[in-house]
Amino acid sequence: MQGMTIIVKKITQIMAPVIFLFGLYVIVHGHLSPGGGFAGGVILAAAFILQILSFGSILPSLRREEVWLELLESTAVMGFLVISGLGLLLASFRIFFLNFINRGTVGQLLSGGIIPLENIVVGAEVCAAITTIFIALTVYQDEVTQ
Amino acid sequence: MEVYLIIVLVLMILGSLYSLNARDLLSAVVSYGIVGFGLVICFLLLQAPDLAIVQVLVEVITLIIMIAVIKNTTRKELFTGYDAKAFVSAIVAVIFTILFFYVFDKMTGVLTGFGQHLTRMSTAYLEGAGVTGSANLVTGVVFDFRAYDTLGEATVLFTAVVGVLTVLRLKGKKKGK
Amino acid sequence: MIVYILCFLLFLIGLYGVVVKRNLIKIIISLAIMEYSVNLFLIMVGYISAGQAPIINEEVSRTGPFVDPLPQAMILTAIVIGLATTSLLLAIAIRLYGKYGTFDIRKINHLKG
Amino acid sequence: MRYVVLFIIMMLLWLAFTWNLQTPNLIVGGVASLLTAVLFGRSFLRNTVKFFQPQRYFWIIIYLFVFIWECLKANFDVAYRVLNPAMPIKPGIVKVKSTLKTDIGRTFLANSITMTPGTITVDVIEDDFYIHWIYVSSEDPKVYSRKILGRFEKYLKRIFE
């Protein structure tokens with residue numbers, strides 16, 4: 001897959017970090033406003049997809065990134081299990097997914113106990129998954145159809 | 001309110017019909033986009049902003065992936081006339097339609113009208129903000145009341161990624177050195 | 001009630017596509033349409049007329065009841081899973097195209113049995 | 001250098017998104033901006049010194065007014081051509097050489113040309129701009145390049161170079 005013209009490349013250089021930051025904002029504020037791990041994770045993936053589409057794909061570097069993304073995804077799923085397992089541990093094996101952190105007041109940034117943590121973990125997982133799927137479908141597809 | 005929904009739904013139905021009958025696969029994919037973006041507007045009208053955000057992004061990414069898939073192919077849907085299999089399929093489709101209409105007719109007895117609430121559990125979830133400490137009640141349900149569901153979702157996503165890589169990767173990673 | 005019927009019609013169109021169409025991409029599109037209609041139906045069941053989005057916010061004055069958050073939470077996960085499964089189907093379709101050079105399932109005879 | 005500038009811009013954007021100055025928000029914003037800077041700093045713009053030169057911001061404001069004025073004029077021109085029953089259009093693609101040296105300046109020039117009605121940038125190859133024009137008023141390269149680019153080029157040169 002080739003890259004696009006210089007206009008698209010320059011605008012991508014400026015806009016991709018902004019999209020990424022907005023995704024982080026949506027994830028972190030998931031328990032206060034619309035959004036959350038799923039929406040934010042897809043926005044993060046969109047920033048990476050924009051970069052891949054505009055700069056074109058160089059197969060070796062994308063393969064290396066794919067390994068990192070797989071690692072991130074596995075770590076995220078693991079983190080979700082660890083958070084829930086900690087709840088199980090602290091509730092002396094009675095409640096899975098115990099909300100073991102102080103919940104704070106509704107409407108503050110630091111509230112909701114483990115909910116923001118789970119938001120972050122799920123966001124990382126969705127981002128890694130969708131970017132990996134995109135890389136596989138657009139890059140390997142060229143190999144397959146030739 | 002309901003009128004807007006009906007207009008958007010009719011548009012979605014027209015888009016899906018065109019999408020299924022188009023000869024060029026590219027125009028089929030583009031008019032399939034009508035259905036997805038119409039769904040976004042429906043979600044916004046039905047007061048589900050979380051879903052609207054997710055749906056609009058997922059729709060864009062689905063369209064990009066689909067266009068990337070059909071870009072290098074022949075793209076034309078060749079029409080080679082009906083055969084026996086198509087005949088059987090049509091009969092199956094009619095039977096299924098009648099069956100679904102029967103079920104729908106039965107179901108409408110249980111359904112209340114549009115806008116009147118049905119599920120009894122929701123009051124418990126609505127008071128849940130005090131329990132979970134999350135101002136966004138949807139996030140509260142996803143990550144606290146029904147966290148098992150989210151765990152299952154993560155597993156399914158992981159499995160799907162592994163499946164895509166398994167199907168598509170031609171050369172595996174080099175073993176050893 | 002007419003909204004439910006239109007939603008059901010959308011589902012039936014998807015079903016028609018899955019059963020009658022002979023192109024793999026068309027079949028995948030039909031499956032996605034069916035999925036969308038089911039999502040929409042569940043959200044409609046959870047809607048309360050003049051309801052508000054289920055987000056507690058001190059600045060907005062509460063005039064009506066909240067919409068039911070349970071179906072929204074269910075569909076939120078279903079949408080992302082839908083993207084993943086659609087991609088899996090597309091991956092298999094690409095593989096078949098690479099092997100047989102066509103998306104038409106009538107020509108992919110070796111799949112039989 | 002690029003990383004630091006990107007971090008500062010992202011932090012300002014974060015504050016604009018959230019609009020509060022409590023400590024948790026600042027810490028979370030700092031971490032988020034740091035992550036963005038680390039991941040995207042490699043592909044960010046070069047020559048970030050230009051962000052700290054205040055006269056460029058002054059010229060951006062001037063350029064905005066110039067651009068809006070040109071846009072209005074072009075709007076009326078195109079409206080006249082469309083509404084006139086004789087349809088006095090003479091479309092064609094012209095090749096114009098720009099004197100801008102930086103890529104970012106060329107990008108903004110191309111986008112400005114596209115956003116004014118009547119002209120569309122078809123492609124940019126090195127410093128040649130291929131522009132589709134609704135009324136090709138002259139065949140002389142000097143005249144039409146002044147007509148199309150001259151309006152914007154001198155301001156963009158002050159902003160980006």
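In what follows, every chain begins at residue 1, and chains take the letters A, B, ... in the order their sequences are listed. For the numbers below, each heavy atom of this structure counts, side chains included, while hydrogens, waters and symmetry mates do not. Keep in mind that this is a model prediction, so the values were computed, not measured.
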Just list the donor-acceptor pairs under 3.5 angstrom between chain D and chain A, please.
| from | atom 1 | to | atom 2 | distance (Å) |
| --- | --- | --- | --- | --- |
| D:Ser43 | O | A:Gln13 | NE2 | 3.4 |
| D:Ser43 | OG | A:Gln51 | NE2 | 2.9 |

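Side-chain contact check for D:Leu15 versus D:Leu21: some heavy-atom pair is nearer than 4.5 Å. Side-chain contact between A:Phe48 and A:Ile130 is absent, with no heavy-atom pair separated by less than 4.5 Å.
The ring of D:Phe7 has its center no closer than 6.0 angstrom to the ring center of D:Phe40.
The most heavy-atom pairs under 4.5 Å with chain A, out of D:Leu45, D:Val124, D:Leu13, D:Ile9, come from D:Leu45. Of the listed residues (A:Ile14, A:Ile11, A:Val28, A:Ile6), the one with the most heavy-atom contacts under 4.5 Å to chain D is A:Ile6.
In this structure, CZ in A:Phe38 is found 11.0 Å from CD1 in A:Ile27, a value given to the nearest 0.5 Å.
Annotation: salt bridge (Lys or Arg N to Asp or Glu O under 4.0 Å) contacts involving residues 79-88 of chain D, sequence neighbours excluded, comprise D:Asp77-D:Arg81. Every pair passing ring-ring contact (aromatic ring centres under 6.0 Å, His included) that includes a residue from residues 68-108 of chain D is listed here, sequence neighbours excluded: D:Phe108-D:Phe160.
In this structure, chain A has no heavy atom under 4.5 Å from any part of D:Ile125. Heavy atoms closer than 4.5 Å to chain A are found in the side chain of D:Leu6, but not in its backbone.
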Can you give me every donor-acceptor pair (side chain of residues 15-24 of chain A, partner residue at least two apart or in another chain, under 3.5 Å) with its distance?
none

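For the side chain to side chain contact (heavy atoms under 4.5 Å, CB included) criterion with D:His132, the lone passing option out of D:Val94, D:Thr119, D:Val122 is D:Val122.
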